[in-house]
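Below is one structure, written out as structure tokens, with a few remarks after it.
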Amino acid sequence: MPSTPVDQLRIALAADSARPFTTFYDDATGERVELSVATFDNWVAKTANLLRDDLAVEPGARVSLLLPAHWQTQVWLLAAWSLGLVVSFDGDPADADVVVSGPDTLDRAATCPGERVALALRPMGGRFPTPPAGFLDYAAEVAGHGDRFVAEGPVRPDAAALAEAGREWTAGELAEAGEAVAREWKLVPGDRLLTSLSFARTGGLQAGVLAPLAASVPVVVCRHLDESLLERRIEAERVTRAVTRSAD
């Protein structure tokens, strides 16, 4: 049985690397991006290499993610966990070793005393027209990194991986949480999830990342969801379960 979300990604990659991993919609811009398991894993590897090689981030470092529900947020989560880093969505960037910010939270992110990375969140992972001062432009830097990441050692299931609302989750606990939700929702191969929830809450993280990894099923992530398009999208994407309201 897999013991961490990274293990679950490895299993998905070995089972069917060509199947969709994530499909992202932004109804404010009309953007649609679909990444296979293999392509997603390449982004994860490049990002993990950027963290280790350019930013010299060590296992146990704290990463503040000031990002919305987005395919690049999924990438950053798995890259951070590949290195044994502790992610937080609701922590103070001033207490983090690394902050990763979207374009709307740069002022808050600037309080981080450590490394600062900015994501333009433009279609197809595009860069900023003008890089924000004091930040590394993720899109401008990540492409130069290798699409294979070899960790110096496996991340232990008991290593801290997420800090949320005063609690720390280990990598093993995150994998178990995903497995529990996948069982509750009776997810099986051939299913497909859809979610519009923020990853900053447990229910959103489970729907957008942890349950799809545990069940090895694709997920459709919707930002700025236009409710009038929901039924048509569920049909077009062959969605078997939609999660647009959080219970937590």
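One hydrophobic cluster holds both V98 and L83 under the rule that ILVMFWY side chains link at heavy-atom gaps under 4.5 Å. Residue W71 is not grouped with residue L194 when hydrophobic side chains (ILVMFWY) are merged at heavy-atom distances under 4.5 angstrom, including chains of intermediate members. Y25 and F199 fall into different hydrophobic clusters, where Ile, Leu, Val, Met, Phe, Trp and Tyr residues are linked whenever their side-chain heavy atoms come under 4.5 Å apart, directly or through other members. V221 and L67 fall within a single hydrophobic cluster, where Ile, Leu, Val, Met, Phe, Trp and Tyr are joined by side-chain heavy atoms under 4.5 Å apart, directly or via other members. Cluster annotation: L66 and L136 are assigned to distinct hydrophobic clusters (Ile/Leu/Val/Met/Phe/Trp/Tyr, side-chain heavy-atom contacts under 4.5 Å, transitive).
The environment of CZ in R10 is crowded: more than 12 heavy-atom neighbours from other residues, nucleotides or ligands sit within 6.0 Å. Residue-environment remark: CD (E231) stays at or below the threshold of 12 foreign heavy atoms within 6.0 Å. No more than 12 heavy atoms of other residues, nucleotides or ligands sit less than 6.0 Å from atom CZ of R156. Within a 6.0 Å sphere centred on CZ of R127, heavy atoms belonging to other residues, nucleotides or ligands number 12 at most.
When all heavy atoms of P93 and S64 are compared, the pair lying nearest together is CG-OG, 3.9 Å. Counting all heavy atoms, side chain and backbone alike, E164 lies closest to A200 at OE2-O, 3.7 Å. Nearest heavy atoms, A177 versus Q206: CB-NE2, 4.0 Å. Residues F135 and A110 come closest through the heavy atom pair CZ-N, 3.9 Å. Shown here for G126 and A120, the closest heavy-atom pair between the two residues is O-CB, 3.5 Å. Across every non-hydrogen atom of R223 and L121, the tightest pair is NH1-CD1, 4.2 Å.
Residues V37 and D16 are not in side-chain contact: their nearest non-hydrogen atoms beyond the backbone lie 4.5 Å or more apart. Within the 4.5 Å cutoff, no side-chain heavy atoms of R108 are placed close to those of S101. Between E152 and R52, some side-chain heavy-atom pair lies under the 4.5 Å cut-off. Side-chain contact between V63 and D97 is absent, with no heavy atoms from C-beta onward closer than 4.5 Å. Contact check for T202 versus L205: no side-chain heavy atoms found under the 4.5 Å cut-off. With a 4.5 Å cut-off on side-chain heavy atoms, L50 and E141 count as touching. E227 is not listed as a side-chain neighbour of S196, based on a closest heavy-atom distance of 4.5 Å or more. Between D27 and R233 there is a side-chain heavy-atom pair separated by less than 4.5 Å.
Contacts classified as ring-ring contact (aromatic ring centres under 6.0 Å, His included) and involving residues 75-128 (residues at least two apart or in different chains) are given here: W76-Y138.
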Legend entry - Working for side-chain contact (heavy atoms from CB on, under 4.5 Å), residues L162 and S88: CA-CA 6 Å; L162 175 72; S88 175; 5.9 Å; no
Legend entry - Audit row: R148, N49, side-chain contact (heavy atoms from CB on, under 4.5 Å) steps and yes/no: CA-CA 8 Å; R148 183 169 180 266; N49 283 322; 6.0 Å; no
Legend entry - Chi angles and distances behind the side-chain contact (heavy atoms from CB on, under 4.5 Å) call for L77, V87: CA-CA 7 Å; L77 284 166; V87 172; 3.8 Å; yes
Legend entry - Intermediate values then yes/no, side-chain contact (heavy atoms from CB on, under 4.5 Å), L197 and T244: CA-CA 6 Å; L197 302 182; T244 58; 5.5 Å; no
Legend entry - salt bridge (Lys or Arg N to Asp or Glu O under 4.0 Å) evaluation trace for E176 with R183: CA-CA 11 Å; E176 290 172 0; R183 287 193 299 270; over 6 Å; no
Inset, instruction - Dump the intermediate steps for salt bridge (Lys or Arg N to Asp or Glu O under 4.0 Å) on E34 and R32, then the final yes or no. - result: CA-CA 7 Å; E34 182 172 282; R32 180 187 184 276; 3.1 Å; yes
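Remark: R167 qualifies as a cation-pi partner of W169 under the 6.0 Å distance and 45° angle criteria applied to the six-membered ring.
Rounded to the nearest 0.5 angstrom, R241 CZ and T195 OG1 are separated by 11.0 Å. Expressed to the nearest 0.5 Å, how far CG of L9 lies from CG of L78 amounts to 5.0 Å. With rounding to the nearest 0.5 Å, the separation of CD in Q74 from CG in L213 is 8.5 Å. In this structure, the separation between CD on E179 and CD on Q8 is 5.5 Å, given to the nearest 0.5 Å. If you take OG1 on T240 and CG on L193, they are separated by 6.5 Å, rounding to the nearest 0.5 Å. For the atom pair SG (C222) and CD1 (I234), the distance works out to 8.5 Å, reported to the nearest 0.5 Å.
Residues satisfying the ring-ring contact (aromatic ring centres under 6.0 Å, His included) test with F40, not counting sequence neighbours, are F21. Shown here are the salt bridge (charged side-chain N to carboxylate O under 4.0 Å, His left out) partners of R232, two or more places apart in sequence or in another chain: there are none.
Side-chain atoms of T4 and D7 form a donor-acceptor pair, as typed in the model, at a separation below 3.5 Å. In this structure, a donor-acceptor pair under 3.5 Å is present between the side chains of D26 and H224. Under 3.5 Å, the side chains of R19 and S216 contain a donor-acceptor pair of N or O atoms. Side-chain contact of R192 with T23: a donor-acceptor pair under 3.5 Å is present, judged by distance alone.
No option in T73, T47, L65, L51 other than L65 meets the side-chain contact (heavy atoms from CB on, under 4.5 Å) test with V100.
Side-chain atoms of K46 come within 3.5 Å of backbone atoms of H145 as a donor-acceptor pair (strictly under, hydrogens ignored).
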